[in-house]
2 protein chains.
Amino acid sequence: MPRRPERGKRPTLADVAERAGVSAMTVSRVVSGNYPVAPPTRAKVLRAMKDLDYVVNAHARSLAATTTKTVAFVVDDVTGPFFALIARGVEHQASSEGRLCLLCTTHGDPERELAVVELMREQRAEAVILVGGAWDTATYAERTAAFARALEKSGSRLVLCGRPAPEEGLPVSTVEYDNEGAAYAMTSHLLANGHRRIAYVGRAVGLSTTDERVAGYRRAHADHAVGFDPSLVRAGEFTRESGTALTEALVEERPDVTAVFAATDMVAAGVLAALRRRGVRVPEDVSVAGFDDIPLASDLTPALTTVHVPHEQLGREAVRLALHRGPGAEDRVMLGTHIVIRDSVAPPRAAVVP
Amino acid sequence: MPRRPERGKRPTLADVAERAGVSAMTVSRVVSGNYPVAPPTRAKVLRAMKDLDYVVNAHARSLAATTTKTVAFVVDDVTGPFFALIARGVEHQASSEGRLCLLCTTHGDPERELAVVELMREQRAEAVILVGGAWDTATYAERTAAFARALEKSGSRLVLCGRPAPEEGLPVSTVEYDNEGAAYAMTSHLLANGHRRIAYVGRAVGLSTTDERVAGYRRAHADHAVGFDPSLVRAGEFTRESGTALTEALVEERPDVTAVFAATDMVAAGVLAALRRRGVRVPEDVSVAGFDDIPLASDLTPALTTVHVPHEQLGREAVRLALHRGPGAEDRVMLGTHIVIRDSVAPPRAAVVP
DNA sequence: AGCATCACAGATAGCGGTATCTATAGAAGA
DNA sequence: TCTTCTATAGATACCGCTATCTGTGATGCT
């Protein structure tokens, strides 16, 4: 009695082989197409495959061939436009390189990140892309380094996207953009407009990205010979709500502030909402600048002056770096940013523009 | 000479077993924890695992155990807030059920969707979740049906999220929300405000979701004894740009329109931008309503009156339905929507509110 | 003491592919 | 004509894990 795939079971190479009257090996060759098979034989096999609706078993294949054609990427939250844009870049590049995407979220929880990277190791992903800022703690840096080494040992590759490598000589690829420079440029823009009391709002303490941004903010102040006032740096989250709350407090405590540099566009949206609620006009009374240039930025009222970050390219580069490695291949890319001037920044009312 | 994992190769069960001085089977039992192992033995094994930094091979496991612990979801574009929110729901539920997420995008291309579903079949995903509206063509319906049957045959499950099942008796689960009812409610709201010439903007021709929405729009007109004017339904894409372009044309051709019902909030953002550019005030001159209630909606100026769609729940239900199937388990869920009234709708200037 | 019962650990056989070697025709060359 | 290729297909041995069966001391019971 001919062996036929029972219901609920998928046909295997052997099933196809039997139906086509050839060996399993021949079918395998037709499927992967990396070995000459005589046209008539190939036709028979293709026919049998179609008849049985055969699909290869990716797990069996990666077990035998030790290559998974899979890249994993780990983000805080898919919902954030920042991550979504990078995700799009990753997905694009991955699929154009014939890879599948594994998606995991950490909700900003370092513990979950640990679990998730472990999961990716189980999956033998070719690359694991960690997106977003890193926590500036020694243990976190140590753990990232451990990830990198563990993945390397497994023949996989860690890619840090939008965060710096924790130490030199680690087997990681990094794709970054110039946070410090961007923050410097935007702060300079505000200073050049005559602002002297500029609040930086939405700083998540101890996150690499913001630390760099604050550094740029400070350097700009120094270069313009404006004293740095620590009380103008307001810690919070990267959310709209945080922007609102921080702004409420800021307006209350520091009515002398004439400009707000929000850590992200999302925070800026919250800032604008809070100011509007309080009857503060933007940019007449207070200027507001953002960071990211997410699609929403130009839809805010007033349209947001912000820093453009090439998110999608960030994602694409991450995959490219991970997949094309070899002698002479780069393993570190720094992408440029630039400020986008819209309508939310203007000189302060009583400004003495230099 | 003791067999040790060579560099570049990951340790296997056998390596751990050898180091712990037990059999591979015992190690397997410790790892999966579904069989009693004497505490001292377990300790030895755990020690060896830690020493070697052992990680199971998910592919080998799913090959042997014939269960992949993976759900796949297929969206048009991760960047769209609509999809991102659903994705979040999917990811949440999946990870809380111990499943991994495979992400694929189709860019609205039915051909790519075909390829992608094939890929998911190769991966033996436990469930494949198709997100977003379906094309209303016979061949598309036929193909969806084919997907459903093929996946069912492989012991997997197709879940349609936000689109109806193409035919009865198909092995699919569906999670929908009431497009027709929501559009009816919103149109009624506009009509009740006194609007009589309401444009529906951003209709992608032949997409199930919009067809349903247009149906609700028409039913509301009928119930309010207002004639349906086909020239007020403007076809386009679900993008901000499309909203802008369609509005430009609309204002030009139909200056008598007093309200615009945008197909999505994203389109509404474009509509608002176009109206603002033309100096048309919202809601004083023209009212605008959206659909989706994405986070951006409340940040628009004026804050957008829109239909709230429970995206995240949609995603969660999709996973739940796919994973918990059995006698008596539901395989179809319809989630409710409701309109969210903000500031973008008001009676028309010369309105005679009934 | 004598035997059934446990609780645990090992042996074995695949899961569904691919790498690699071997076998067998027919074509080509001497 | 006989050997040597070359093109094609088959056989075999894993990849790393789990299901399932078998073995064996220690325990409980009469």
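Order of the sequence lines fixes the chain letters, A, B, ..., with proteins taken first and strands second; residue numbering starts at 1 for each chain.
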**OP:** Using a 4.0 Å heavy-atom cut-off across all strands, classify V31(B) as base, sugar-phosphate, or nothing.
**Re:** nothing
Original post:
When all nucleic acid strands are considered with a 4.0 Å heavy-atom cut-off, which category describes T41(B): base, sugar-phosphate, or nothing?
Top reply: sugar-phosphate
Looking only at side-chain N and O atoms, does [Y] offer a donor or acceptor that is under 3.5 Å from a partner on [X]?
{"X": "T68(A)", "Y": "R124(A)", "answer": "no"}
{"X": "T106(B)", "Y": "D76(B)", "answer": "yes"}
{"X": "H59(A)", "Y": "Q123(B)", "answer": "no"}

On the nucleotide [N], are OP1 or OP2 found under 4.0 Å from the side-chain N or O atoms that [X] carries?
{"X": "S28(B)", "N": "dC17(D)", "answer": "no"}
{"X": "T26(A)", "N": "dG10(D)", "answer": "yes"}
{"X": "T12(A)", "N": "dG16(C)", "answer": "no"}

Rounded off to whole Å, could you give me the [atom1]-to-[atom2] distance for the [X] and [N] pair?
{"X": "Q123(B)", "N": "dG16(C)", "atom1": "CD", "atom2": "C1'", "value": "14 Å"}
{"X": "L52(B)", "N": "dG16(D)", "atom1": "CG", "atom2": "P", "value": "14 Å"}
{"X": "M25(A)", "N": "dC14(D)", "atom1": "CE", "atom2": "P", "value": "16 Å"}
{"X": "E122(B)", "N": "dG17(C)", "atom1": "CD", "atom2": "P", "value": "10 Å"}
{"X": "L63(B)", "N": "dC14(D)", "atom1": "CG", "atom2": "P", "value": "17 Å"}
{"X": "D15(A)", "N": "dC15(C)", "atom1": "CG", "atom2": "P", "value": "10 Å"}
{"X": "L13(B)", "N": "dG16(D)", "atom1": "CG", "atom2": "P", "value": "10 Å"}
{"X": "Y35(B)", "N": "dA7(C)", "atom1": "OH", "atom2": "C1'", "value": "8 Å"}

Original post:
Under a 4.0 Å N-O cut-off, is there an ion pair linking R157(B) with D331(B)?
Top reply: yes
Subject >> Any N/O donor-acceptor pair, R124(A) side-chain to dG16(D) base, under 3.5 Å >> reply: no
**OP:** Please evaluate the base of dG16(C) for a donor-acceptor partner in the side chain of R10(A) within a cut-off of under 3.5 Å?
**Re:** no
**OP:** Tell me which of V22(B) and A65(B) sits closer to the 5' end of DNA chain C, going by the nucleotide each one is nearest to.
**Re:** V22(B)
**OP:** Indicate the ring-plane relationship of H311(A) and F82(A), choosing parallel, tilted or perpendicular according to the 30° and 60° boundaries.
**Re:** perpendicular
Can you tell me which nucleotide in [options] comes closest to the side chain of [X]?
{"X": "P36(A)", "options": "dT8(D), dC17(D), dG16(C)", "answer": "dT8(D)"}
{"X": "A64(B)", "options": "dC17(D), dT18(C), dA11(D)", "answer": "dC17(D)"}
{"X": "Y54(A)", "options": "dG17(C), dG10(C), dT8(D)", "answer": "dG17(C)"}
{"X": "A60(A)", "options": "dG17(C), dT18(D), dG16(D)", "answer": "dG17(C)"}

